[in-house]
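Quick notes on the structure that follows.
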Amino acid sequence: MPTPGFLIDVPRFLLFTGKGGVGKTSVACASAVALAQRGRTVLLVSTDPAANLGHVFGCRVGARVTALESVPGLSLLEIDPAETAGAYRERIIAPVRNLLPAKEIESIIEQLSGSCTTEIASFNEFTSLLGDDDTGFDHVVFDTAPTGHTIRLLRLPGAWTQFLDTGKGDASCLGPLSGLDKHRADYAGAVAALQDPARSRLVLVARAQASTLIELDRTATELAATGITGRYLVLNALLPDAGGDDRLAAALYARERAAIAAMPAALAELPCDRTELAPTDIIGVGALEGFFTDRHTQVHALDVAPPAVPDAPLASLVDEIEADGHGLILCMGKGGVGKTTIAAALAVALAFRGHDVHLTTTDPAAHLHTTVPEAVANLEVSRIDPAEATETYRQRVLATKGANLDVDGRAALAEDLRSPCIEEVAVFQAFSRIVHESRRRFVIVDTAPTGHTLLLLDATGSYHREVARQMGEHQGFTTPLMRLQDPAQTKVVLVTLAETTPVLEAAELQSDLQRAGITPWAWVINNCVAAAGPTTPLLRRRALGEGNEIHTVATRYAARLAVVGTRTQDPTGVGALTELVDSGSLTTSV
């Protein structure tokens, strides 16, 4: 395979983005390795709150630049939200720690413990890298979070610059916005770097799936509004035409080619590179070094029997959920594992059984109406739109807190409400209202990819602590966090693939949830190749690799398990979603 076009005449900053699960991390890591092997010095940075560079390279990576011994010239960095927020808090609190009473310090710490602080701290790290021409690296490669989170990240430099330029920028002297003015130059530098194609190149990574390409087209349009013009496209993990009589492989190949042929015009016009599906997970330097090669000629037939797959249909989970009559079901996991599909399938099944169901999403990039395009009796479909939620929140605050203020007071309040931080607060409040609904109906939430969801849960925890502090020990109250912690009210379903990184990330998410007092109720292994009975060498090798991961989930992590086999058609529409639930794990629709 010739050198990919996006790796020719590479500018200083290279950013990879796209829908979760399309292989952004693999493409970014392989690109960083390729640049380092050309003798360049490279810093590979993950801006994903659920970063997994350490999984890929088999080493420990954190919020400090780590030189990779196995690849001279390559260093790694993960912008860790918790650690970064802790350092940000300390910079604000340290100067006043010995000047204020202990209770005041506790109050300030609480103000600085929400998701807004986490976002600002992580964002400052991101912009400092974009605005610093003296990092000592020839290239900085960004492996970004899934689409919705990244769009917000790339918009923030401009949003904060505008906030500081047009307003006072001093909404809280010791709150999350404290010290923003010091970063004004960083934000302006980040905007300039992102908008200069000679300095920054944005690579849109996608799989050849109709829904993924439609979402990416929307992403490209939204990113164009930020002034980012240097864009390339990578169609990743394409199935080669292996011929033969494997109906599964033939159907998947035809589906991918049809999606490419129907690609939105704006994407089709971009410079495009293609990579082939690998027979195994892209883990380790060796796999990364061979990433930009033709792989199908290297895969030979296997005599090994395919791994055993539990016969665990999704319908068994629906039966148990239905028995409660109502409740909150949160589908969580890494981007691209099929959370939206599983959430929609559960919702349609419960609605068909006569229950009142609300299906919604907290993912800024999700579009549930694409998955469930038809109207279904008993089923309400919605999404928590960040822009809409923010405007609703602003108007509500102005109508309540601003009602008795004078002109200057209302102007000051309106200024505070223009802060980009308000979006996180507004989304949390919208989420809280959805949680409250589950007392009388089934509410199924397709959550954002892991990192974004953890930030939302962080906001939920901060709100709980503030309510508990204000109410005291002797007054009764119920917060959204308390509902999430109650297994009688909430069921968390972790969705994963039978692959190393998604399983590790889901296991880490389970640990994070358990530390917050939330115990996952079930796991779903989605899009399982082994459960579909492939016969071509490439898919059989991938199925063989799934065996250990299926066993690990079934025996180590999951209290309940469902396995959904690979489908030959996009699982969209009521018919396909119904078939997804009703069929056993060992069948596929060809």
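Nothing here was measured: the structure is a model prediction, and the numbers come from that model. Note that these values count all heavy atoms, side chains included, but never hydrogens, waters or copies made by symmetry.
- Within the 4.5 Å cutoff, the side chain of T361 has no heavy atoms near those of the T340 side chain.
- Counting all heavy atoms, side chain and backbone alike, L314 lies closest to A345 at CD2-CB, 4.1 Å.
- In this structure, CZ in R410 is found 10.0 Å from CG in N404, a value given to the nearest 0.5 Å.
- Of the candidates V581, N527, I342, I525, I342 is the only one forming a side-chain contact (heavy atoms from CB on, under 4.5 Å) with V564.
- Taken from OG1 in T212 to CG in D217, the straight-line distance is 12.5 Å, to the nearest 0.5 Å.
- H358 and S382 share a side-chain donor-acceptor pair at under 3.5 Å.
- For the salt bridge (Lys or Arg N to Asp or Glu O under 4.0 Å) test, residues two or more places apart in sequence or in another chain that qualify with R255 are D570.
- No side-chain heavy atom of T519 sits under 4.5 Å from any side-chain heavy atom of L513.
- In plain terms, the two heavy atoms of G18 and K24 that are nearest each other are N-CD, 3.2 Å.
- The ring pair (Phe, Tyr, Trp, His ring centres under 6.0 Å) test applied to Y232 returns no partner, not counting sequence neighbours.
- Inter-residue side-chain proximity for Q489 and L328 is flagged as unmet; no heavy-atom pair is nearer than 4.5 Å.
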Take D143 and V45 through the side-chain contact (heavy atoms from CB on, under 4.5 Å) test and state the conclusion after the steps.
CA-CA 6 Å; D143 170 33; V45 183; over 6 Å; no
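- Of all the heavy atoms in A210 and A259, the pair that sits closest is N-CB, 3.7 Å.
- Under the side-chain contact (heavy atoms from CB on, under 4.5 Å) rule, M332 has a single partner from D446, T447, V493, which is T447.
- Taken from NZ in K334 to CG in L497, the straight-line distance is 9.0 Å, to the nearest 0.5 Å.
- When each of L359, V574, V381 is checked for a side-chain contact (heavy atoms from CB on, under 4.5 Å) with V376, only V574 meets the rule.
- Looking at every heavy atom in both residues, C528 comes nearest to E546 through SG-OE1, 3.4 Å.
- For the atom pair NE2 (H326) and CG (D356), the distance works out to 12.0 Å, reported to the nearest 0.5 Å.
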Walk me through it: do L252 and E256 pass the test side-chain contact (heavy atoms from CB on, under 4.5 Å)?
CA-CA 6 Å; L252 293 176; E256 289 185 346; 5.6 Å; no
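- Nearest heavy-atom pair across R231 and L270 is O-CD2, 3.9 Å.
- Put simply, OG on S438 and CG on L330 are 8.5 Å apart, with the number rounded to the nearest 0.5 Å.
- Considering only heavy atoms from C-beta on, N378 stays 4.5 Å or farther from V357 through its side chain.
- In plain terms, the two heavy atoms of P571 and L577 that are nearest each other are O-CD2, 3.5 Å.
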Decide yes or no on side-chain contact (heavy atoms from CB on, under 4.5 Å) for L317 and V524, but give the supporting numbers first.
CA-CA 9 Å; L317 298 187; V524 174; 3.8 Å; yes
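- Taking CZ of R207 as the reference point, atom CG of L238 lies at 8.0 Å (rounded to 0.5 Å).
- The only option from T390, V397, T392 that meets the side-chain contact (heavy atoms from CB on, under 4.5 Å) definition with R394 turns out to be T390.
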Please lay out, stage by stage, how K491 and E320 fare under the test side-chain contact (heavy atoms from CB on, under 4.5 Å).
CA-CA 11 Å; K491 289 179 171 60; E320 288 195 64; 5.6 Å; no
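- A heavy-atom distance below 4.5 Å is found between the side chains of D319 and R353.
- The shortest side-chain heavy-atom distance between E215 and T370 does not fall under the 4.5 Å cut-off.
- At a threshold of 4.5 Å between non-hydrogen side-chain atoms, the residues V22 and L216 do not count as touching.
- Put simply, the side chain of E505 does not reach to within 4.5 Å of the side chain of L509, judged on heavy atoms.
- Residue pairs meeting the ring-ring contact (aromatic ring centres under 6.0 Å, His included) criterion with at least one member in residues 507-526, sequence neighbours excluded, are W523-Y557.
- With respect to the salt-bridge test (charged N to carboxylate O, under 4.0 angstrom), the residues R441 and E380 qualify.
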